[in-house]
Amino acid sequence: MLHFDETYSPLTSDEIIAKARANMDASRFEHCIGVSETARHLAHLNGYDENKAALTGFIHDYAKQVSDADFIAAIKTQGFDLELLKWNRLIWHGIVGTYFIKRDLKIMDAEILRAVWYHTTGAPKMTALDKIVFVADYIEPRRSFAGVDQARQVSFANLDAGVGYELTHTLEFLLAKRARIYPQTLLAYNVWGAEKGE
Ligand code: GDP
Ligand code: FE
Ligand code: FE
């Protein structure tokens with residue numbers, strides 16, 4: 001039975017699960033379960049609190065299917081950097097997702113919230129939990145892109161190398177599409193992905 005650590009919210013595990021289920025479709029919910037399980041495994045391998053990692057993995061995409069209008073309203077009224085308005089829901093759902101997680105799931109733990117905040121872009125400075133969630137999101141069992149097996153191998157052997165692999169390959173993927181790069185993604189790549197100064 002699905003059960004999460006109840007020390008980070010006044011809500012019960014069942015209430016958190018019910019709210020998450022109601023906020024997303026079935027396949028996104030399954031993805032969140034996969035990220036939770038993979039985060040637990042990565043936490044085990046790296047000596048981090050497994051229950052905290054499992055909860056954070058589960059909620060990382062809580063806001064993935066929030067409407068654009070609700071994201072925009074939250075950015076404008078909740079003190080977010082208004083530069084965010086130039087981006088889109090791919091970037092918003094982690095950063096602004098922290099607001100919806102606080103509001104709905106009553107989770108206020110700073111370490112959990114920052115791991116959700118950075119889960120899409122990474123960051124130059126990442127905590128153990130940031131890395132665990134970032135990597136678990138990329139390699140959870142339902143992911144099936146070319147290279148995912150190598151990503152899993154690298155990440156299970158060395159978490160930092162997994163972060164570097166993911167940033168490098170995400171950047172290649174985005175550049176191939178001529179997508180706009182969020183500055184934080186690039187800053188993170190320079191720290192975790194780049195292997196040469198020149
Ligand atoms: P998901 O929420 O489980 O689908 O995974 P993520 O939150 O990691 O990523 C959401 C999407 O954002 C992915 O398709 C990434 O390729 C994309 N993404 C990550 N960084 C950037 C960026 O700098 N620019 C753009 N345009 N997209 C990005
Ligand atoms: Fe996400
Ligand atoms: Fe995700």
Side-chain angles (χ1 to χ4, degrees), residues 4 16-17 20-21 23-43 53-68 70-71 74 81 83-101 104-105 107 112-124 126 129-148 151-152 154-155 159 162-194:
F4 295 106
I16 287 174
I17 292 165
R21 205 189 289 280
N23 214 40
M24 61 190 74
D25 63 30
S27 83
R28 180 60 47 180
F29 186 82
E30 289 302 317
H31 164 68
C32 290
I33 305 273
V35 175
S36 175
E37 288 168 350
T38 304
R40 177 183 291 286
H41 184 50
L42 285 169
L55 174 65
T56 312
F58 178 66
I59 63 160
H60 82 285
D61 273 343
Y62 175 74
K64 183 81 183 186
Q65 289 168 342
V66 163
S67 71
D68 282 359
D70 286 355
F71 276 127
D81 182 350
E83 284 291 301
L84 278 168
L85 294 170
K86 296 178 182 162
W87 293 85
N88 58 47
R89 51 189 310 103
L90 291 180
I91 299 298
W92 295 338
H93 76 279
I95 297 169
V96 189
T98 58
Y99 162 71
F100 294 97
I101 287 169
D104 299 350
L105 306 182
I107 292 172
I112 293 179
L113 294 171
R114 64 162 285 148
V116 172
W117 182 294
Y118 293 122
H119 89 260
T120 302
T121 62
M126 296 175 78
L129 186 61
D130 295 347
K131 294 174 194 172
I132 286 168
V133 174
F134 184 72
V135 167
D137 189 20
Y138 195 60
I139 63 168
E140 61 101 352
R142 299 174 120 250
R143 295 282 195 206
S144 64
F145 56 88
V148 69
R152 289 182 180 120
V154 169
S155 303
L159 186 58
V163 172
Y165 185 96
E166 173 174 350
L167 281 164
T168 304
H169 288 262
T170 297
L171 202 53
E172 279 177 351
F173 165 77
L174 291 169
L175 290 175
K177 293 199 299 183
R178 301 291 293 266
R180 212 153 45 114
I181 308 301
Y182 191 65
Q184 187 89 359
T185 307
L186 205 51
L187 294 173
Y189 164 76
N190 281 342
V191 171
W192 301 104

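Not measured: the values here are computed from a predicted model. Every number for a ligand or one of its atoms is a count from 1 in the order of the listing.
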Flag side-chain contact, heavy atom, 4.5 Å: [X] against [Y]:
X    : Y    : answer
T121 : L187 : no
K131 : L42  : no
F71  : H93  : yes
W92  : W87  : yes
V116 : D61  : no
K64  : L90  : yes
C32  : Y62  : no

ask   = Is D61 close enough that one of its N/O/S atoms sits under 2.8 Å from the Fe ion (ligand 2)?
value = yes
ask   = Within less than 2.8 Å of the Fe ion (ligand 2), any N, O or S from H60?
value = no
Using a 4.0 Å heavy-atom cut-off, say whether [X] meets ligand 1 through its side chain, its backbone, both or neither.
X    : answer
Q184 : neither
D137 : side chain
T120 : both
R89  : neither
T121 : neither

Identity and separation of the nearest protein heavy atom to [atom]:
atom                    : result
atom 15 (C) of ligand 1 : T170 CG2, 4.5 Å
atom 27 (N) of ligand 1 : L174 CD2, 3.5 Å
atom 10 (C) of ligand 1 : K64 NZ, 3.8 Å
atom 20 (N) of ligand 1 : T185 OG1, 3.5 Å
atom 11 (C) of ligand 1 : L90 CD2, 3.7 Å
atom 3 (O) of ligand 1  : R143 NH2, 2.9 Å
atom 23 (O) of ligand 1 : Y182 N, 2.7 Å

query = Between R40 and E37, is there a salt bridge with N-O shorter than 4.0 Å?
reply = no
key: Donor-acceptor pair between Q65 and D25 side chains, under 3.5 angstrom   = yes
note = d(Y99 OH, D104 CG) to nearest 0.5 Å is 8.0 Å
task = State whether the side chain of W192 and the backbone N or O of A123 hold a donor-acceptor pair below 3.5 Å, judged by distance alone.
result = yes
key: Which atom of D137 approaches the Fe ion (ligand 3) most closely (N/O/S)   = OD1
inquiry  = Checking one value in my table: which N/O/S atom of H31 lies closest to the Fe ion (ligand 3)?
reply    = NE2
request  = Please confirm whether R28 comes under 4.0 Å of ligand 1, counting heavy atoms of the residue only.
outcome  = yes
Exercise: identify the closest heavy-atom pair between Y138 and R143 = O-CG, 3.2 Å
key: Shortest non-hydrogen separation from V96 to A74 and the atoms involved   = CG1-CB, 3.7 Å
query = Near R180, which atoms of ligand 1 are under 4.0 Å from a heavy atom of that residue?
reply = 22 (C), 24 (N), 25 (C), 26 (N)
task = Check each atom of ligand 1 against the heavy atoms of H31 and keep those under 4.0 Å away; list them by number with element.
result = 3 (O)
message = Does the protein come close to atom 13 (C) of ligand 1 - that is, does one of its heavy atoms sit below 4.0 Å from that atom?
response = no
request  = Report yes if some N/O of E166 lies less than 3.5 Å from some N/O of ligand 1; otherwise report no.
outcome  = no
